[in-house]
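What follows is a single structure, written as structure tokens, with notes after it.
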2 protein chains.
Amino acid sequence: MTIQNQIEQKLKDHGYKLTLQRKTILEVLLKNKNHFLSAEEIYLQTKEKYAQTNFSTIYRNLEILENIEMIHKINIHGATSQYEFISHNSHHHHIICKGCGKTELIDFCPLEEILDKLNHPDFTFTDHKFELYGYCTSCKEKTCKK
Amino acid sequence: MTIQNQIEQKLKDHGYKLTLQRKTILEVLLKNKNHFLSAEEIYLQTKEKYAQTNFSTIYRNLEILENIEMIHKINIHGATSQYEFISHNSHHHHIICKGCGKTELIDFCPLEEILDKLNHPDFTFTDHKFELYGYCTSCKEKTCKK
DNA sequence: GTTAGTGCAAATGATTTGCACCGAA
DNA sequence: TTCGGTGCAAATCATTTGCACTAAC
């Protein structure tokens, strides 16, 4: 059973239909696993394979995929939202260059340690976000103003 | 020298003028130290003291304050931006309730440990974000749909 | 056949901008 | 006096929504 099949099954289990463009969007997200994409990038890549794709459909599908926790949506510094497929077998975080927006993976996750130290019984944790920002070599050289 | 004075000095040092409403916005941010505010909340609270305040002015000032690193701007789950004054003597992070949006402080910061483990010499780190999400007691009881 | 999904165009809502006037230095 | 700051109204831009039509099950 391929990953794509597993996801499609999960969609069915949640009562969603498997339309051609939904499958295409999934392909795009899978192809860019471990990589954030903007809605526009997803739109453009989907359009390549399925020409009549429409922006609303992209957004509606991204919302569904977020709800069933198959993708992560992040907002870097208030810029437009970025989406990433969740690989369940490799939880990770990101280093994000403020110059060019490129991201890199970090394998380490501080969550457990923090939950230990916190000891906060009256709160149910569901989710967390950890991101490092800075400038990559080439952006540093360009002496990014600011 | 009060905190407010220090900030005003910093603004001057950067070549910014000290207008009445800029001071008022600062007061509002200081009064809500350790607390995220939306642009609208800042607008409303500023308006209380300085009636003719305008939204564009709020945004323009928030942008300036962000640039000289006096406030943090965050986007929780793509909702409208939230701003918080940076207290330099108490770096912290937040627990955020997805039900009611209330935030709580965490004193612990995983940054140093991670930088140790990362060993990433070709990247200049400037900034980071760490946030825990979940549901607080009362939101849990309301069996928040999701 | 029923219900969810889609395309389109229009609406929304936060944030930004152009421009003429105002006020701090 | 000279810039930076402000108010206002209009613009922008990502995202959302209403509606009639279409396709998956």
Please report, rounded to the nearest Å, how far the [atom2] atom of [N] is from the [atom1] atom of [X].
X: A:Asn61; N: D:dT16; atom1: CG; atom2: C1'; answer: 14 Å
X: B:Tyr43; N: D:dT6; atom1: OH; atom2: C1'; answer: 13 Å
X: B:Arg22; N: D:dG5; atom1: CZ; atom2: P; answer: 4 Å
X: B:Glu63; N: C:dT16; atom1: CD; atom2: C1'; answer: 9 Å
X: B:His14; N: D:dC3; atom1: NE2; atom2: P; answer: 21 Å
X: B:Ile58; N: D:dC8; atom1: CD1; atom2: P; answer: 13 Å
X: A:Leu11; N: C:dT3; atom1: CG; atom2: C1'; answer: 16 Å
X: A:Leu37; N: D:dA14; atom1: CG; atom2: C1'; answer: 17 Å

Phosphate oxygens OP1/OP2 of [N]: is one of them under 4.0 Å from a side-chain N or O of [X]?
X: B:Ser81; N: C:dA14; value: no
X: A:Gln21; N: C:dG7; value: yes
X: B:Asn54; N: D:dG5; value: no
X: A:Thr19; N: C:dT6; value: yes
X: B:Ser56; N: D:dC8; value: no

Looking at the side chain of [X], which of [options] is the nearest nucleotide?
X: B:Tyr50; options: C:dT15, D:dG7, D:dA14; result: D:dG7
X: B:Tyr59; options: C:dA25, C:dT16, D:dT6; result: C:dT16
X: A:Thr80; options: C:dG5, D:dG4, D:dA14; result: D:dA14

*Heavy atoms under 4.0 Å, any strand shown: does B:Phe55 hit a base, just sugar-phosphate, or nothing?*
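No contact.
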*Give one of base, sugar-phosphate or nothing for B:Leu18, where a contact means two heavy atoms less than 4.0 Å apart.*
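Sugar-phosphate contact only - B:Leu18 comes under 4.0 Å of backbone atoms but never of a base.
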*How are the rings of A:Tyr59 and A:Phe55 set to each other: parallel, tilted or perpendicular (split at 30° and 60°)?*
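Rings of A:Tyr59 and A:Phe55: parallel, as their planes differ by under 30°.
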*Look at the rings of B:Tyr16 and B:His14 and say which category their plane angle falls in: under 30° parallel, 30 to 60° tilted, over 60° perpendicular.*
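Rings of B:Tyr16 and B:His14: parallel, as their planes differ by under 30°.
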*Drop me the distance from B:Tyr83's OH to B:Glu41's CD, to the nearest 0.5 angstrom.*
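If we round to the nearest 0.5 Å, B:Tyr83:OH and B:Glu41:CD are 12.0 Å apart.
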*B:Gln82 and B:His94: side-chain donor and acceptor closer than 3.5 Å?*
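Side chains of B:Gln82 and B:His94: no pair found under 3.5 Å.
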*Check whether the side chain of B:Arg60 and the base of D:dG7 form a donor-acceptor pair under 3.5 Å.*
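Such a pair is found, so the answer is yes.
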*Let me know, please, whether B:Gln52 or B:Gly15 comes out on the 5' side of the other along DNA chain D by nearest nucleotide.*
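Residue closer to the 5' terminus by nearest nucleotide: B:Gly15.
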*Would you indicate whether A:Lys49, at its atom NZ, is surrounded by more than 12 heavy atoms from other residues, nucleotides or ligands within a distance under 6.0 Å?*
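Atom NZ in A:Lys49 is packed in, count exceeds 12.
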